[in-house]
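Read the structure below first, then the notes.
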Amino acid sequence: MYLTKDEEAILNGELGEIKAKAMRILATLGDIFDADKLIPIESAQIAGVSYKTIGDAGLEFLEDWSNTKVIIESRMNPAGMDLKNWREMGISETFAEKQLRIIKALTSMGVKESCSCTPYHAGLVPKKGSHIAWSESSAVVYANSVLGAMTNREGGPSALSAALIGKTPNYGLHLKKNRISEVVFDINFELSDLDYSLLGYYIGSIAKNKIPAIIGIKHASNLQLKALGAGAAAGGGVAMFMIENLTPEYEIIKNPEKITVEYDELVKIQEQFCTCEHPDIITFGCPHCSYEEIIDIFDKVKTEQEIWICTSREVKERFQKIPNNIKLFCDTCMVVAPIEEIGITCLATDSTKCAHYSQNLSNLKTLIKSREELIS
Ligand code: F3S
């Protein structure tokens with residue numbers, strides 16, 4: 001990959017050892033993926049923030065890098081706990097101490113202490129056609145598909161490197177020619193809110209890393225598309241989808257593969273994620289809830305069972321009164337918090353992404369139902 005004189009100088013240590021390392025990571029990625037050059041980006045969203053997922057090795061890495069500064073708007077993915085109300089979550093002192101060190105390392109680099117997988121609900125909404133370097137999978141797929149911004153699915157270190165340099169290698173979804181679908185899914189039935197998450201998971205499991213195109217959906221809210229994208233990212237690493245007449249981009253190759261989706265496939269996925277009947281807790285906010293979603297839950301909730309809602313700090317701070325059986329947590333989520341260590345064995349959710357990772361990362365049993373059913 002071609003580097004300008006200034007970029008070469010950074011690689012050679014002119015701005016210090018850490019920026020040189022960051023430039024080396026970007027240059028190596030660029031060489032591997034055949035990028036022609038680095039391009040400027042407007043924002044970075046950095047995953048690998050929870051102590052549960054990065055452990056001591058990740059903490060040491062971030063502390064090593066903490067004396068240098070990001071040069072663009074940069075935000076964090078959810079941490080392993082609500083940074084202020086972690087005791088209410090039942091988090092141990094040991095975990096909290098390490099988690100707070102991770103946050104300190106990142107904030108000292110200038111990364112905003114806004115830990116969310118939905119930064120677009122918290123004031124960071126990239127424009128159509130803008131280049132960004134985001135790393136949380138559901139945020140990446142939303143940015144590419146719904147907002148029309150351009151990002152690859154970055155790893156934590158590559159997103160952090162991009163934040164420090166302000167640039168990312170020009171390959172993959174940064175190039176128009178790669179934002180074309182090869183596989184079209186035809187939907188011939190009406191979709192409920194839960195169906196969007198189930199459909200996303202199904203499509204993801206078939207499309208894998210390709211860009212799926214969808215026909216047959218006439219209307220969908222951005223919240224339904226958020227659920228679809230998160231499901232597709234969890235089901236098969238999808239970083240972008242397109243829906244005819246709905247998403248900002250819709251381009252398919254000549255003679256694409258065509259798949260008609262049967263409703264039974266969605267039923268099978270729901271069954272796969274129903275492995276217990278009596279959840280210890282009901283959870284919402286995977287991806288993090290918007291203000292409107294939380295209002296809707298507060299207005300309709302009837303159950304007296306304990307509910308956790310996960311959201312960004314920016315959204316949480318808009319609520320003064322919270323119903324008694326609801327805990328509104330920010331900065332974290334039910335997947336990247338050490339939920340399995342605080343006595344929870346079965347969790348209810350309306351999200352296939354949450355169910356997938358709760359089963360596979362946290363080793364929990366899950367129950368997946370619509371939001372309406374869970375709160376009635
Ligand atoms: Fe967000 Fe956690 Fe789900 S990061 S998408 S709430 S697994």
Side-chain angles (χ1 to χ4, degrees), residues 45-54 58 75-83 89 99 102-103 106 114-122 124 134-146 151 153-156 159 194 196-198 200-201 204 222-239 241 273 281-290 293-294 297 307-316 327-340 344 347-364 366 368 371:
Q45 192 264 357
I46 299 156
V49 175
S50 166
Y51 178 65
K52 171 178 167 177
T53 56
I54 66 170
R75 301 217 182 166
M76 304 177 201
N77 209 36
M81 61 188 200
D82 187 310
L83 299 176
M89 294 177 74
Q99 183 62 70
I102 290 171
I103 301 298
L106 283 163
S114 174
C115 308
S116 179
C117 52
T118 58
Y120 47 86
H121 291 324
L124 180 59
W134 286 17
S135 49
E136 201 287 316
S137 65
S138 74
V140 166
V141 70
Y142 190 91
N144 280 315
S145 316
V146 182
T151 179
R153 188 172 161 175
E154 300 292 343
L194 176 63
Y196 279 93
S197 183
L198 297 168
Y201 195 86
N222 281 359
L223 297 175
Q224 289 167 330
L225 298 183
K226 173 173 82 165
L228 177 80
V238 165
F241 64 85
F273 288 129
I281 191 171
I282 299 168
T283 63
F284 298 113
C286 178
H288 273 177
C289 280
S290 67
E293 288 176 290
I294 298 172
I297 297 168
I307 297 176
W308 283 19
I309 301 176
C310 298
T311 189
S312 59
R313 178 166 299 279
E314 289 83 345
V315 168
K316 180 181 175 178
K327 289 184 174 160
L328 185 56
F329 291 122
C330 62
D331 317 316
T332 187
C333 81
M334 62 302 264
V335 169
V336 299
I339 194 165
E340 64 281 16
I344 290 166
L347 160 158
T349 176
D350 61 347
S351 156
T352 49
K353 180 169 180 188
C354 174
H356 173 94
Y357 285 105
S358 295
Q359 287 192 3
N360 295 306
L361 180 70
S362 308
N363 214 10
L364 299 182
T366 59
I368 188 165
R371 183 175 297 166

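For ligands, and for the atoms within them, numbers begin at 1 and follow the listed sequence. Quantities reported herein were computed from a predicted structural model and do not represent experimental measurements.
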Within a distance under 4.0 Å of any heavy atom of K353, pick out the atoms of ligand 1 and give their elements.
5 (S), 7 (S)
Would C333 count as a contact for atom 2 (Fe) of ligand 1, in the sense that one of its N, O or S atoms lies under 2.8 Å from it?
yes
Under 3.5 Å, side chain of T53 to main-chain N/O of S50, donor-acceptor pair present?
yes
Might you work through the ring pair (Phe, Tyr, Trp, His ring centres under 6.0 Å) test for W308 and F284, ending with a clear yes or no?
CA-CA 6 Å; W308 283 19; F284 298 113; over 10 Å; no
Mark the output for G285 as yes if a heavy-atom distance to ligand 1 is under 4.0 Å, and as no if none is.
yes
Protein contact of atom 3 (Fe) of ligand 1 - nearest heavy atom, named by residue and atom, plus distance
C286 SG, 2.3 Å
Would a distance-only check, ignoring hydrogens and angles, find a side-chain to backbone donor-acceptor pair under 3.5 Å from K316 to D331?
no
Identify, for atom 1 (Fe) of ligand 1, the protein heavy atom at the shortest distance, and state residue, atom and that distance.
C117 SG, 2.3 Å
Any heavy atom of C354 sitting closer than 4.0 Å to ligand 1?
no
Do any N or O atoms from the side chain of K353 and from the backbone of A230 form a donor-acceptor pair under 3.5 angstrom?
no
Can you tell me how far the OG1 atom of T366 sits from the CD atom of Q359, to the nearest 0.5 Å?
4.0 Å
Check ligand 1 against P78 and write out every atom of the ligand that is under 4.0 Å from a heavy-atom position of the residue.
4 (S)
Got a second to check how far T118's OG1 is from Y142's OH, nearest 0.5 Å?
9.5 Å
Give the atom numbers and elements of ligand 1 that come within less than 4.0 Å of a heavy atom of E136.
5 (S)
At less than 2.8 Å, would any N/O/S atom of H288, backbone or side chain, sit next to atom 1 (Fe) of ligand 1?
no
Is there side-chain contact between I103 and C115, with heavy atoms separated by less than 4.5 Å?
yes
